[in-house]
Structures are given as C-alpha cells and as structure tokens.
Amino acid sequence: MSKFKRIGVLTSGGDAPGMNAAVRAITRKALSEGVEVMGVIGGYSGLVNDNMIPLETGSVSNIITQGGTMLYSDRCLEFKTEEGMAKAIATCKRHGIDAIVAVGGDGTFRGATDLTLHGIPAIGVTGTIDNDITATDYTVGFDTAMNTILYTIDRLRDTCESHARCNVVEVMGRDCGQLSLMTGIASGAVAICMPEVEFDEAKALEDIKTAQAHGKRGMIVVVSEGVTTTDENGKKIPYSEVLAKKINEIGIETKFVRLAHIVRGGSPTLRDRLTATKMGVKAVELLLEGKSNLVVIENDGRIESMDILFALTVDRMYKGKLKDGDLDKFGPEDIKAMEAICEKRRLENEELYEMAGKICK
Ligand code: ADP
C-alpha cells in the first residue's frame with residue numbers, strides 16, 4: 001500500500017506542448033493506484049496562494065491533444081522566498097497533499113528540490129520546448145516545437161524560392177541550440193548558428209554567395225535567439241537580425257523572421273504525447289516506491305530517473321555556468337559521470353553540425 005493518499009500536480013515555467021499529456025498520465029496513474037490528485041493552478045503560485053482543484057479521471061479527458069497547459073503556468077518569485085515556501089508547505093498540509101509532481105524546466109526542478117527539502121517529496125517531469133536540460137536526451141515539447149518550426153520554414157522557403165531571396169529565421173533556445181540545429185538540418189538551411197558552436201560568419205557569407213552563384217534561389221538561415229552580439233553602444237542585441245543585415249549587404253535580398261512564442265503552442269506530436277505519458281507514469285511509480293527529489297529523464301531511449309541536484313549540476317557544467325562549490329557535494333565517480341553526459345551532448349551537437357556544414361549548401 002502506498003503511504004500517499006493524495007498528491008498534487010503542477011506545470012511551471014515556460015509552457016510546452018505535451019504538458020497536458022503529462023498531467024493526464026500523472027492523474028490517471030495515481031488514481032489507478034488509489035491515490036487522489038489535486039491539480040495546482042498556475043505552477044508554484046498555486047501552492048503559495050492555495051489555488052487548486054481536485055482531478056478525477058474525467059477532469060483530464062480530451063486534453064492529450066491540446067497544447068498549453070490546463071493547469072496554467074506562472075513564474076512565481078515568492079515561492080523562492082522562505083515566506084513563500086512556508087505558505088506553499090502550509091497549503092500542502094491543509095489539503096493533505098503528501099507529494100508533488102512538477103512538470104517544467106530547470107527552474108521548476110529547483111523548486112521541486114526545495115519542496116523536498118522542506119518535507120514535501122517532489123519529482124520533476126521535463127516540459128520545455130528547447131531540449132535544454134543536458135541530463136536528459138529529450139524534453140517533452142521538443143518534437144512539437146521542431147515540427148512547428150519546420151512547418152513555418154517550409155512556407156518561408158517556398159516564397160524565398162519564388163523571389164530568389166534569403167530568410168533568416170530566429171528560433172527559441174537561449175543556452176541550447178538544439179532547436180536550430182535539428183530544424184536547420186531538416187529544412188535544408190544554408191547556415192545554422194547556435195550558442196554551443198562557434199559561428200564562422202565569413203564562411204557562412206561566402207557559402208551563401210557561392211550557393212547563389214551556382215543558381216540556388218531560396219535560402220534559409222536558422223539562428224538561435226541565444227546567440228547575441230553588441231551594438232555600437234555596447235548593448236547586447238540578437239545576432240540573428242545583424243546577420244540578416246550582413247547578408248543583405250552582400251547583395252542578397254534577405255528577410256528576417258522571429259518565430260518566438262508561435263513555437264510554444266499547438267497540438268503535441270505523437271512523440272511528445274508518448275514521452276509525456278511515459279514520464280508522467282514513471283514519476284508516480286517513483287513516488288509510490290518512496291523515492292523523491294528526482295527528475296524523470298530519457299537516456300538512450302529508456303525512461304529513467306536522476307537526482308535533481310545531479311541533473312542541475314550536469315546542466316551547469318555543460319553550459320559553463322558552474323559556480324564555486326557546485327561540485328563539492330559530489331565524489332570523483334559522480335563528476336566523471338557528469339563529464340560523460342556533457343561529452344555525449346557535445347559530440348552529438350558537433351557531429352550533427354559538421355554533417356550539416358557538408359550537406360546544407
Ligand atoms: P523553467 O522551469 O521553465 O526553467 P523558471 O526558471 O521560470 O522556468 O522556473 C519556474 C518556477 O520555478 C519559478 O517561477 C519559481 O517559482 C520556481 N523556481 C525557479 N528557480 C527556483 C529556485 N532556485 N528555488 C525555488 N524555486 C525556484
């Protein structure tokens with residue numbers, strides 16, 4: 001028998017298609033195990049402000065097809081304070097909530113760790129379109145976002161072809177360029193620019209000129225929003241727009257498009273529905289096994305779990321954001337395992353980027 005009578009589920013941070021599928025799976029799996037479920041409204045702010053609804057089987061009917069999140073999302077700064085956390089814990093106690101499953105990104109997982117440390121066991125499930133959590137091969141929402149970008153770029157390419165012009169497309173991804181890398185390859189972009197790989201601007205401009213000279217009419221360049229430069233006043237600005245201007249300056253008519261939040265919406269793909277379902281079910285299983293402070297991950301196709309602190313530290317390691325003392329809590333074996341995860345991600349990016357350079361002409 002589970003020691004849990006009732007759990008809460010919330011979605012937090014930037015929304016992602018497939019969050020609803022995760023909420024549905026968490027709810028139905030818990031109910032099937034005799035555990036009641038409360039849907040926390042608006043991420044951690046729902047815990048701080050005591051805003052929640054009971055979820056029954058029918059409450060999550062017909063949401064697997066829908067983008068966004070039926071529980072809504074929020075960025076709740078108060079939750080990060082001691083007072084906010086105290087209110088959140090009091091809300092859980094008031095409603096008899098024994099554990100929380102939190103669907104979101106790295107900020108959401110930090111919140112889940114804090115909850116666990118304050119006595120409410122929590123598990124994280126990935127929900128973020130950027131695939132920017134290094135510890136997992138895959139985050140729920142990534143496939144839908146990639147396909148939405150591709151759908152849009154294909155349309156841009158049609159009109160680029162008609163008018164013999166170039167279109168620079170900026171896509172989301174602050175520290176992680178997986179969205180631009182994958183969609184750049186799949187859309188046949190002439191150049192891809194992402195934060196993790198140094199961009200050879202001179203070569204890209206040369207390649208674009210050569211391609212045009214060889215008769216290529218429509219050209220697409222995909223750039224991650226996270227690639228920035230500075231203007232004449234030293235202010236940080238997106239590189240995507242600067243690059244579009246530079247391509248214009250070499251005599252190729254170039255338009256600029258920022259896809260921004262369009263990519264966050266829409267009905268989730270099969271991949272996202274399936275992964276969200278598997279991850280949601282796994283999260284409940286872990287809680288029922290008495291485990292917490294974990295994030296559900298995908299590793300070489302398997303749904304597994306990882307300690308949240310370990311996962312967040314791997315992420316900082318990969319993104320070059322480790323702070324003093326971050327590694328102090330880990331032994332040499334752990335650090336070796338972290339380095340191996342970073343290396344796997346780095347290699348995958350480098351190999352794909354190199355391949356793209358050879359065939360995307
Ligand atoms: P994401 O989960 O997509 O990365 P955010 O970084 O905005 O999105 O985090 C979502 C929410 O998680 C925040 O609004 C906050 O309520 C909570 N959170 C973020 N960082 C922390 C932290 N260090 N400690 C506790 N809670 C946090």
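Ligands are counted one by one from 1 in listed order, and the atoms in each one are counted from 1 as well.
- Using a 4.0 Å cut-off to heavy atoms of Ser12, the atoms of ligand 1 that qualify are 10 (C), 11 (C), 12 (O).
- Side chain of Asn49 to backbone of Asn51: no donor-acceptor contact under 3.5 angstrom is found.
- A donor and an acceptor atom, one from each side chain of Thr144 and Arg273, are nowhere located under 3.5 Å apart.
- The shortest side-chain heavy-atom distance between Ile192 and Ile185 falls under the 4.5 Å cut-off.
- If you number the atoms of ligand 1 from 1 as listed, the ones under 4.0 Å from a heavy atom of Lys80 come out as 18 (N), 19 (C), 20 (N), 21 (C), 25 (C), 26 (N), 27 (C).
- In this structure the side chain of Phe142 never reaches within 4.5 angstrom of the side chain of Thr275, judged on heavy atoms.
- Considering backbone and side-chain N/O of Thr108, one or more are found under 3.5 Å from N/O of ligand 1.
- The closest protein non-hydrogen atom to atom 22 (C) of ligand 1 is Arg110 CB, 3.5 Å.
- Ligand 1 has a nitrogen or oxygen under 3.5 angstrom from a nitrogen or oxygen of Arg75.
- At a threshold of 4.5 Å between side-chain heavy atoms, the hydrophobic network of Ile, Leu, Val, Met, Phe, Trp and Tyr places Leu55 and Ile100 in two separate groups.
- Near Gly14, with a cut-off below 4.0 Å to any heavy atom, the atoms of ligand 1 are 3 (O).
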With side-chain hydrogen bond (donor to acceptor under 3.5 Å, both in side chains) as the criterion, how do Thr228 and Arg174 come out once you've worked through the C-alpha distance, each side chain's angles and the decisive distance to 0.1 Å?
CA-CA 10 Å; Thr228 58; Arg174 257 182 250 128; over 6 Å; no

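- The heavy atom nearest to atom 12 (O) of ligand 1, out of those in Gly107, Ser45, Gly127, Gly42, is found in Gly107.
- Side-chain contact annotation: Glu304 with Asn299, donor-acceptor N/O pair under 3.5 Å present.
- The ligand atoms of ligand 1 that sit less than 4.0 angstrom from a heavy atom of Gly105 are 1 (P), 2 (O), 3 (O), 4 (O).
- For Thr128, the closest heavy-atom approach to ligand 1 does not fall below 4.0 Å.
- Only side-chain heavy atoms of Asp114 come within less than 4.0 Å of ligand 1; its backbone N, CA, C and O stay farther off.
- Those atoms of ligand 1 that come under 4.0 Å of a heavy atom in Cys76, given as number and element, are 13 (C), 14 (O), 15 (C), 16 (O).
- Considering backbone and side-chain N/O atoms, Gly104 never comes within less than 3.5 Å of an N/O atom of ligand 1.
- Rounded to the nearest 0.5 angstrom, Arg157 CZ and Arg217 CZ are separated by 12.5 Å.
- Considering backbone and side-chain atoms together, Gly13 places no N or O closer than 3.5 Å to any N or O of ligand 1.
- Looking at Thr136, its side chain never comes within 3.5 Å of a backbone N or O of Ile133 through a donor-acceptor pair.
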